[in-house]
Colleague: 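Here you go, one structure.
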Amino acid sequence: MKKFVVGALVGLGVIVGAATPASASGWYYTGYWYNTAGECEAGYQRMVAGQNVDLPHQCRLDAVGVYELWRVGL
């Protein structure tokens with residue numbers, strides 16, 4: 001029973017974490033999308049070219065099948 005309760009609490013934590021809006025954690029959608037993960041990464045590198053900053057970023061595959069460029073806001 002103890003394992004079941006612990007498992008349920010961990011599972012609930014994962015669900016709550018996944019349901020948290022991206023903007024609440026500092027992430028925002030840049031408005032750019034790409035057909036492949038490689039194009040997305042190259043797009044980010046072009047975006048920050050010449051800047052001495054490399055903020056965390058993600059290329060997230062969406063439901064439509066394209067990669068959205070997300071990054072952490074300042």
Side-chain angles (χ1 to χ4, degrees):
M1 183 67 174
K2 185 177 181 181
K3 288 183 181 180
F4 175 75
V5 171
V6 170
L9 291 175
V10 169
L12 183 60
V14 169
I15 291 171
V16 170
T20 304
S23 60
S25 62
W27 289 93
Y28 73 94
Y29 174 51
T30 62
Y32 294 98
W33 59 269
Y34 304 89
N35 292 319
T36 67
E39 290 175 0
C40 182
E41 184 62 33
Y44 173 75
Q45 295 303 324
R46 283 190 303 273
M47 183 183 294
V48 297
Q51 301 175 17
N52 291 329
V53 63
D54 190 16
L55 295 174
H57 63 283
Q58 294 179 350
C59 293
R60 299 180 184 173
L61 184 61
D62 71 2
V64 179
V66 297
Y67 290 86
E68 299 175 337
L69 178 56
W70 287 73
R71 66 188 278 191
V72 172
L74 294 175

Colleague: Determine whether Leu61 and Val66 fall in the same hydrophobic cluster, where Ile, Leu, Val, Met, Phe, Trp and Tyr are linked whenever their side-chain heavy atoms lie under 4.5 Å apart.
Modeller: no

Colleague: State yes or no: do Val48 and Leu69 share one hydrophobic cluster built from I, L, V, M, F, W and Y residues joined by side-chain heavy-atom distances below 4.5 Å, directly or via other members?
Modeller: yes

Colleague: Quick one: are Arg60 and Trp27 in side-chain contact, heavy atoms under 4.5 Å?
Modeller: yes

Colleague: For residues 33-44, tabulate all N or O donor-acceptor pairs below 3.5 Å that involve a side-chain atom, not counting sequence neighbours.
Modeller:
unit_1: Thr36; atom_1: OG1; unit_2: Glu39; atom_2: N; d: 3.0
unit_1: Glu39; atom_1: OE1; unit_2: Asn35; atom_2: N; d: 3.2
unit_1: Glu41; atom_1: OE1; unit_2: His57; atom_2: NE2; d: 2.9
unit_1: Glu41; atom_1: OE2; unit_2: Gln45; atom_2: NE2; d: 3.0
unit_1: Glu41; atom_1: OE2; unit_2: His57; atom_2: NE2; d: 3.0
unit_1: Tyr44; atom_1: OH; unit_2: Asp54; atom_2: OD1; d: 3.3
unit_1: Tyr44; atom_1: OH; unit_2: Leu55; atom_2: N; d: 3.2
unit_1: Tyr44; atom_1: OH; unit_2: Leu55; atom_2: O; d: 2.9

